[in-house]
Protein chains: 4
Amino acid sequence: MSSRGPGRPRSEPARQSVLAAVTHLIGREGYGRVTMEAIAREAGVSKQTVYRWWPTKAAIVLEALNEGAAEIAPATDTGSLSADLRRFLRRTVAGADGRNARLLAALMAAAQLDDAFAESFRTGFLARRRLALRELLQRGRDRGEMASSADLDFLVELAFAALWYRILVRHQPLGRHFADQLADTVLTLALTP
Amino acid sequence: MSSRGPGRPRSEPARQSVLAAVTHLIGREGYGRVTMEAIAREAGVSKQTVYRWWPTKAAIVLEALNEGAAEIAPATDTGSLSADLRRFLRRTVAGADGRNARLLAALMAAAQLDDAFAESFRTGFLARRRLALRELLQRGRDRGEMASSADLDFLVELAFAALWYRILVRHQPLGRHFADQLADTVLTLALTP
Amino acid sequence: MSSRGPGRPRSEPARQSVLAAVTHLIGREGYGRVTMEAIAREAGVSKQTVYRWWPTKAAIVLEALNEGAAEIAPATDTGSLSADLRRFLRRTVAGADGRNARLLAALMAAAQLDDAFAESFRTGFLARRRLALRELLQRGRDRGEMASSADLDFLVELAFAALWYRILVRHQPLGRHFADQLADTVLTLALTP
Amino acid sequence: MSSRGPGRPRSEPARQSVLAAVTHLIGREGYGRVTMEAIAREAGVSKQTVYRWWPTKAAIVLEALNEGAAEIAPATDTGSLSADLRRFLRRTVAGADGRNARLLAALMAAAQLDDAFAESFRTGFLARRRLALRELLQRGRDRGEMASSADLDFLVELAFAALWYRILVRHQPLGRHFADQLADTVLTLALTP
DNA sequence: GCGTAAACGAGACGGTACGTCGGGTCTTTAA
DNA sequence: TTAAAGACCCGACGTACCGTCTCGTTTACGC
């Protein structure tokens with residue numbers, strides 16, 4: 001059933017130690033100073049094995065981020081827009097803190113340097129996260145908790161923009177207070193005609 | 001007064017052709033694919049001359065951006081918060097469009113890769129622009145055009161966050177409509193207690 | 001009798017297609033540009049199968065050479081030193097021409113690069129061929145067709161040296177004329193006290 | 001006069017330490033086990049510098065050989081064919097002994113693996129050495145010390161063939177005795193009609 | 001004017017990392 | 001047990017840029 005044809009199967013330990021290595025190295029050196037060579041060395045894996053499975057450094061980081069769970073905060077439906085929003089943003093902000101902040105910043109930087117990666121990052125990562133929040137807001141609008149004239153896409157963009165600005169500029173902390181402030185802001189705008 | 005001691009003076013043509021080269025190359029290849037080597041070649045200048053005057057690629061881009069004018073939009077005082085805000089954001093958004101968008105995105109990416117540059121970018125570029133907008137809002141508050149409880153720093157952050165998100169993600173255009181939408185948003189939040 | 005124990009028997013077609021592949025590839029690319037990888041690919045055989053039966057590229061070439069017949073020219077005894085010599089050298093020169101020249105040159109090159117192979121090549125290939133000619137000369141001496149002071153080993157060495165020089169340097173053709181010229185030379189020296 | 005234009009001049013120490021490194025490494029490891037990487041490392045020179053000046057390993061060896069003096073034995077004219085021949089072959093054999101034997105064998109091997117190098121080796125190294133001996137023999141013939149029917153090219157080929165065979169096969173030593181034996185042989189053949 | 005001195009172009013230098021290739025080995029499924 | 005397939009670790013390949021270092025040359029200034 002799980003037969004995968006002939007040939008030596010891919011080494012799962014190798015895969016995981018590469019992901020661990022990239023996370024560790026970026027935390028220690030910063031994305032820009034991490035090389036494919038160093039990743040392979042740190043992971044105890046040959047360069048060839050790295051290149052066999054990932055085309056670029058950014059692709060490894062992306063997989064490491066997805067692996068570390070922190071999947072998109074599931075928009076559990078509490079029945080209240082306000083509560084849903086608070087919960088979603090708290091989870092999202094928490095997931096972008098600490099070690100992950102470095103990885104996320106690195107990905108956004110990589111997207112500016114590599115057009116091919118930018119495309120996959122935009123549609124495969126950013127857009128999916130925007131969509132999750134948009135559906136949350138849509139539910140609120142369907143329940144009549146929002147001015148019908150509200151521009152949902154703009155509100156979603158505003159929330160993620162604020163989050164990314166703190167990730168990239170790092171002049172203010174990411175925390176519960178920030179998440180709640182953001183939720184209040186979105187709610188205020190949603191209710192204003 | 002203009003005495004600069006003995007020795008051959010710095011070549012202004014060389015300086016300008018480096019700035020032109022970096023702008024041209026980033027537009028054509030993208031920041032990540034541009035090398036110091038290529039900049040010198042394209043500018044018809046020796047590598048040494050480049051390194052004599054700029055420590056990093058990012059420093060050249062920063063100077064090219066300042067050179068191309070587009071200084072911080074001067075917050076001319078019209079007497080009305082609404083009008084000031086509209087004017088400021090329209091100018092700022094316009095200055096971040098087109099060719100400059102690539103340069104700005106490159107700078108933000110460089111800041112993620114190089115901690116030393118990040119510091120100077122944060123305090124010398126981003127903070128100064130935030131300050132300009134903050135003073136504009138402060139004037140409005142002093143004139144009583146705003147709820148006294150409004151969090152000015154947060155509003156400023158929100159405006160620039162939205163701008164940077166579009167610069168970096170490029171999923172929606174930067175334009176007059178976006179600037180006005182942003183101005184309206186800030187104003188709404190400023191008036192809501 | 002032909003029982004070779006349990007298990008799948010060695011594939012004769014695989015063996016032959018490896019030998020054919022190595023001959024074909026060396027003719028097309030030259031020994032140095034042929035890789036084990038390419039041999040396996042060209043032969044339609046897995047790399048493991050190649051390594052299971054031959055330790056090195058040179059070993060394959062050596063087997064290919066022996067396979068292609070051209071065993072040591074048998075020193076048929078005509079009763080005359082002159083005729084024996086002529087016949088032996090004509091056959092030997094002919095066997096070193098054309099496609100085999102490339103293979104022989106490759107073997108001599110491999111012997112310079114790999115000491116282990118050099119040893120087996122020296123004693124298992126070169127020495128056996130020298131011995132064949134030496135015995136031919138010895139028969140002539142026993143029959144009194146040669147000055148008793150003649151240094152047989154030196155004459156043998158001279159003949160093969162001339163042959164190998166043409167194989168390796170390729171500035172003059174290998175042919176019947178060359179073989180006869182060589183035979184005359186050896187005979188002249190054998191007769192001169 | 002010796003002006004070499006602008007730019008940093010080539011480093012003579014670097015050049016010489018590369019030549020020394022290649023000689024040392026080949027003596028220690030054998031030509032086949034020496035890599036460009038190891039040459040650069042041993043010479044304390046960057047790989048780029050090696051590749052800037054020599055296209056292949058063989059080219060370095062060739063230059064090292066010419067550098068180590070041992071230029072073609074100058075065919076000083078003693079007035080006697082026999083004496084000239086003896087002197088020439090003694091010098092030539094001596095120059096092919098010891099450390100140089102490894103280098104020469106390596107060059108001949110490289111010529112079998114790389115067609116481009118083969119060409120330059122054949123015409124730039126081997127042919128020039130054959131020519132020197134040919135001129136020596138020609139002088140002898142002009143003085144009437146040789147049968148007029150003698151095939152000079154064949155005699156030259158025979159002498160160098162014998163030398164190369166010992167270099168490559170290494171079954172007998174290169175020494176004064178061998179050189180004299182060779183001289184006697186050539187002389188005998190030159191005198192026999 | 002004439003020397004001093006800095007900036008300039010050219011380009012070689014020691015390095016580091018790139019992305020690829022091939023070497024041998026190992027691990028799977030199929031015959 | 002052998003075979004095909006193909007992943008594995010390893011190390012070298014030849015190239016691209018890095019930032020630095022000589023060179024010879026040019027262009028100001030101050031004596």
Side-chain angles (χ1 to χ4, degrees), chain A residues 3-11 13-15 33-41 43-53 55-57, chain B residues 2-11 13-15 33-41 43-53 55-57, chain C residues 4-11 13-14 33-41 43-53 55-57, chain D residues 3-15 33-41 43-53 55-57:
Chain A
S3 167
R4 292 163 330 303
R8 181 173 176 174
R10 175 173 184 183
S11 164
R15 178 179 152 273
R33 315 187 82 83
V34 174
T35 66
M36 290 296 250
E37 201 108 20
I39 293 169
R41 201 183 316 125
V45 146
S46 80
K47 268 205 295 180
Q48 189 65 280
T49 296
V50 177
Y51 281 107
R52 202 190 326 273
W53 301 108
T56 61
K57 207 170 41 160
Chain B
S2 66
S3 168
R4 293 170 321 297
R8 182 174 176 172
R10 177 173 183 183
S11 163
R15 178 179 154 274
R33 312 187 85 82
V34 174
T35 66
M36 291 297 250
E37 202 106 19
I39 292 168
R41 202 183 315 125
V45 144
S46 80
K47 268 206 297 180
Q48 188 62 278
T49 297
V50 178
Y51 281 108
R52 200 185 334 265
W53 301 109
T56 62
K57 204 171 41 159
Chain C
R4 296 175 315 303
R8 181 172 175 173
R10 176 174 183 181
S11 162
R33 315 186 83 81
V34 174
T35 66
M36 291 297 251
E37 202 107 19
I39 293 168
R41 201 182 317 124
V45 145
S46 80
K47 267 206 299 181
Q48 188 63 282
T49 298
V50 178
Y51 280 107
R52 203 187 327 268
W53 302 108
T56 61
K57 203 170 43 159
Chain D
S3 168
R4 285 146 358 290
R8 180 171 176 173
R10 175 172 184 183
S11 163
E12 179 61 19
R15 179 179 152 272
R33 315 187 83 83
V34 174
T35 65
M36 290 296 250
E37 202 108 20
I39 293 169
R41 201 183 316 124
V45 145
S46 81
K47 268 206 294 181
Q48 188 66 278
T49 296
V50 178
Y51 281 108
R52 192 175 352 255
W53 301 108
T56 62
K57 207 170 40 159

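Throughout, protein chains are lettered first and strands after them, A, B, ... in sequence-line order, and every chain is numbered starting at 1.
Side-chain proximity of D:Trp53 to E:dT25, F:dC8, E:dC13: nearest is E:dC13. The listed nucleotides are E:dA5, E:dG22, E:dC13; the one nearest the side chain of D:Thr49 is E:dC13. Distance from the side chain of B:Arg10 is smallest for E:dC8 among the nucleotides F:dC13, E:dC8, E:dA10. Distance from the side chain of C:Ser46 is smallest for F:dA5 among the nucleotides F:dA5, E:dC21, F:dC9. Closest contact between the side chain of C:Met36 and the listed nucleotides E:dG23, E:dC13, F:dC8 involves E:dG23.
The structure places CD of C:Glu37 at 10.5 Å from CD1 of C:Ile39, a figure rounded to the nearest 0.5 Å. Atoms NZ and OG1, on A:Lys57 and A:Thr35 in that order, are 7.5 Å from each other to the nearest 0.5 Å.
The NZ-P distance, from B:Lys57 to F:dC17, rounds to 11 Å in whole Å. In this structure, the CD1 atom of D:Ile39 is 12 Å from the P atom of F:dA12, given to the nearest Å. Atoms CD (B:Glu37) and P (F:dC17) sit 7 Å apart, rounded to a whole Å. Following rounding to the nearest Å, A:Arg33 (CZ) and E:dT16 (P) show an atom-to-atom distance of 14 Å. Rounded to a whole Å, the CD atom of A:Gln48 is 13 Å from the C1' atom of F:dC13.
Closest non-hydrogen pair, A:Thr56 versus A:Met36, comes out as C-CE, 3.9 Å.
Side-chain nitrogen and oxygen atoms of D:Thr35 include none within less than 4.0 Å of the OP1 or OP2 phosphate oxygen of F:dA12. Using a 4.0 Å cut-off, some side-chain N or O of A:Arg52 falls inside it from OP1 or OP2 of F:dC8.
Mapped onto DNA chain E by nearest heavy atom, B:Arg15 and C:Ala38 fall at different nucleotides, with B:Arg15 at the one closer to the 5' end. For the pair C:Tyr51 and A:Arg41, both in contact range of DNA chain E, the more 5′-proximal nearest nucleotide belongs to A:Arg41. Nearer the 5' end of DNA chain F, as judged by each residue's closest nucleotide, is the contact made by A:Ala14, out of B:Arg8 and A:Ala14.
D:Lys47 contributes no side-chain N or O that forms a donor-acceptor pair with the base of E:dG14 under 3.5 Å.
In the displayed structure, D:Arg52 atom CZ is contacted under 6.0 Å by more than 12 heavy atoms of other residues, nucleotides or ligands.
Both the sub-6.0 Å distance and the 45° axial angle are not jointly satisfied by A:Arg15 relative to the ring of A:Trp53.
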